[in-house]
Amino acid sequence: MTNSFPEGFAWGTATASYQIEGAVDEDGRGPSIWDTFARTPGKTANGDTGDIACDHYHRYAEDVDLMASLNFTHYRFSIAWPRIQPTGSGAFNQAGFDFYQRLIDKLLETGVQPWVTLYHWDLPQPLEDAGGWPVRDTAERFADYAAETYARLNDRVQYWTTLNEPWCSAYLGYGNGVHAPGRQEPEKTIAAVHHLNLGHGLAVERMRSIRADRQLGITHNTPIVAPATDSPEDKDAARRADGFGLRMFLDPILLGRYPEDMLEDLRAAQVDLSFLKEGDEKLIAQPIDVLGINYYNPSTVRRRAEPEPEGTVRLYPGGGDLEGVKRGFPESDMGWEIEPDALRRLLVKIHTNYPPIALYVTENGMACKDVVADDGTVDDPDRISYFDGHLRSCRQAIEEGVDLRGYFAWTFTDNFEWSFAFTKRFGLVYVDYATQERIAKSSAAWFAGVAKSNALPEAAV
Ligand code: GBH
């Protein structure tokens with residue numbers, strides 16, 4: 001097998017607005033659910049917020065120069081809805097568009113292709129106050145925002161994805177509440193899933209009618225689930241975890257219908273499905289051009305026979321007996337298991353089970369305990385071997401027929417890691433938050449070599 005990637009393979013890094021931008025009160029930006037959540041005591045590590053983060057709003061030009069110097073061909077970033085439409089409906093904010101215009105101009109000038117994510121979790125707070133994603137109106141509001149943003153920026157941006165990881169928005173936001181808005185109402189999560197799917201479909205329909213020849217799609221963190229044992233109970237647990245995590249999202253978009261076994265389970269768990277209207281599945285199934293997959297770790301589940309521990313908050317309605325277990329793989333600083341081959345299996349599975357679609361790995365990466373050495377450098381060999389292993393896995397998937405067109409490392413610089421705030425580092429570039437100094441880690445140099453040669457080194461790292 002060759003170590004080269006197909007010609008034109010996209011090499012990028014990915015980021016998200018709230019994790020890097022800071023400048024939360026500038027130029028007319030409104031508050032998002034992440035501002036509110038992060039400012040609520042006890043929700044994030046050390047009570048930290050994204051108020052300043054990497055100060056990317058002011059440092060975007062230097063950041064892009066550094067990115068270009070590392071040979072990246074593409075950059076996946078998200079647009080902050082509350083900069084564009086401060087209250088989530090009604091008036092648009094010109095200064096918000098101006099920032100992204102400047103960023104896009106700078107990218108194109110330096111030869112980096114922009115890839116836009118329209119929603120990476122920063123819902124305008126007034127929309128949450130009106131009910132958030134469990135409410136249908138939020139999907140309509142998202143489509144309005146997406147259409148206007150696309151109308152203004154489609155001239156120079158070829159790649160557009162609607163949502164980043166709606167799994168997180170629905171189940172972490174409204175199920176166990178570890179993400180904004182922090183609600184613990186698992187019975188509402190399926191309404192949130194549906195309205196996220198619907199918002200995606202409505203947005204794609206509107207965007208396509210404005211200009212048809214752009215690459216439109218969505219990014220999912222679909223899990224690759226295995227049962228802990230071969231017992232019928234664990235196999236059924238795996239079916240359900242795969243249903244909640246992968247099929248409730250990919251089936252309506254790519255097959256035009258929700259999985260029947262999941263709808264049956266939900267009805268049996270007394271979940272009110274009246275939000276599902278005639279014709280919705282058709283709206284969700286707009287043709288798309290690209291599917292982004294974010295992958296970090298394998299998932300192994302069992303069916304817990306014992307009752308849930310006191311105080312457990314469920315992720316899924318009727319899912320109290322689903323329990324993740326570890327297989328004994330090495331772990332990242334997040335405590336997530338590392339199994340590069342699972343990425344190959346995930347890509348092959350999607351390729352096998354769904355109609356043909358161009359796939360991109362839109363996130364993959366590892367948190368490490370990075371430290372600055374006395375000579376001012378940051379050496380992160382574990383991250384290099386994580387990337388090397390997962391890229392070999394991608395290479396293998398391509399060999400097996402998967403139409404994989406690109407790979408985005410998570411992430412460019414260390415940044416605000418949601419509820420873990422600044423205690424976890426995922427970057428190729430180290431950030432000293434006291435000074436905002438950027439230091440390219442050894443993984444950045446390694447990646448620059450891969451991107452430049454469009455190939456992996458001969459021997460695995
Ligand atoms: C992504 O989410 C986000 O898009 C990005 O913003 C974020 O910074 C990045 O990843 C790193 O976290 O139950 O222990 O097996 C990642 C979504 C969902 C990945 C939960 C890990 C299971 C952990 N995550 N998942 S575990």
Side-chain angles (χ1 to χ4, degrees), residues 12-21 32 34 37-38 44-45 50 53-54 56 76-78 80 115 117-122 161-173 175-180 196 218-226 228 238 241-242 244-246 249 292-302 312-316 319 322-339 342-343 346 360-368 383 386 390 408-428 431:
T13 62
T15 64
S17 47
Y18 188 70
Q19 295 183 270
I20 62 169
E21 287 178 357
S32 85
W34 268 98
F37 185 77
T44 64
C54 308
H56 174 77
R76 172 178 178 256
F77 63 93
S78 80
W115 174 304
T117 299
L118 283 162
Y119 183 76
H120 200 126
W121 308 350
D122 35 12
T161 39
T162 53
L163 309 173
N164 175 71
E165 301 189 352
W167 180 94
C168 292
S169 300
Y171 301 119
L172 302 181
N176 68 6
V178 308
H179 278 189
L196 285 151
I218 186 168
T219 280
H220 283 295
N221 60 315
T222 42
I224 177 81
V225 184
D242 175 68
F244 283 120
L246 186 143
F249 297 101
I293 297 298
N294 294 352
Y295 169 81
Y296 290 88
N297 59 319
S299 160
T300 311
V301 298
R302 70 169 194 124
T312 306
V313 184
R314 293 181 181 184
L315 212 46
Y316 304 123
L322 289 180
E323 186 179 59
V325 298
K326 290 192 174 172
R327 278 245 155 99
F329 292 109
E331 293 177 17
S332 74
D333 193 36
M334 297 296 283
W336 299 347
E337 289 192 299
I338 301 171
E339 192 202 6
L343 174 54
L346 175 59
Y360 287 81
V361 171
T362 37
E363 287 180 28
N364 178 233
M366 178 185 179
C368 299
R383 185 175 284 109
Y386 183 96
H390 287 79
F408 293 79
W410 184 268
T411 178
F412 182 52
T413 61
D414 295 333
N415 60 39
F416 177 84
E417 177 50 32
W418 306 112
S419 54
F420 297 90
F422 302 108
T423 63
K424 303 292 176 192
R425 293 180 181 272
F426 274 91
L428 290 166
V431 175

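Numbers here are sequence positions counted from 1. Whatever order the structure lists ligands and atoms in, that order sets their numbers, starting from 1.
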Could you go through the salt bridge (charged side-chain N to carboxylate O under 4.0 Å, His left out) check for Arg327 and Glu339 one step at a time?
CA-CA 10 Å; Arg327 278 245 155 99; Glu339 192 202 6; 6.0 Å; no
Give the numbers and elements of all ligand 1 atoms closer than 4.0 Å to a heavy atom of [X].
X	value
Asn164	4 (O)
Cys168	17 (C)
Glu165	1 (C), 2 (O), 3 (C), 4 (O), 16 (C), 17 (C)
His120	3 (C), 4 (O), 5 (C), 6 (O)
Trp418	5 (C), 6 (O), 7 (C), 8 (O)
Gln19	5 (C), 6 (O), 8 (O)

Under 6.0 Å between ring centres, would you say that holds for Phe77 and His56?
no
Is the distance between the ring centroids of Trp410 and Tyr296 less than 6.0 Å?
no
May I ask you to check whether Thr219 and Thr362 show a side-chain donor-acceptor distance below 3.5 Å?
yes
Are any of the N/O atoms on Trp121, whether in the backbone or the side chain, positioned under 3.5 angstrom from an N/O atom of ligand 1?
no
In terms of the angle between their ring planes, are Tyr18 and Trp418 parallel, tilted or perpendicular, with boundaries placed at 30° and 60°?
parallel
Parallel, tilted or perpendicular: which describes the rings of Phe244 and Tyr171, with under 30° parallel and over 60° perpendicular?
perpendicular
Please classify the Asn415 to ligand 1 contact at 4.0 Å (heavy-atom distances, strictly less than): side chain, backbone, both or neither.
neither
Heavy atom under 4.0 Å from ligand 1: found in Leu172's side chain, backbone, both, or neither?
neither
Report the nearest protein non-hydrogen atom to atom 3 (C) of ligand 1: residue, atom name, distance rounded to 0.1 Å.
Glu363 OE1, 3.3 Å
Closest candidate by heavy atom, reference atom 9 (C) of ligand 1, pool Tyr18, Tyr296, Trp167:
Tyr296
If you measure from atom 14 (O) of ligand 1 to every heavy atom of Phe416, Trp336, Phe420, which option wins on shortest distance?
Trp336
Using side-chain heavy atoms (C-beta onward) and a distance below 4.5 Å, is Leu172 in contact with Leu315?
yes
Looking only at heavy atoms of Ser299, does any of them come nearer than 4.0 Å to an atom of ligand 1?
no
Give a yes or no on this: more than 12 heavy atoms of other residues, nucleotides or ligands lie within 6.0 Å of atom CZ of Phe420.
no
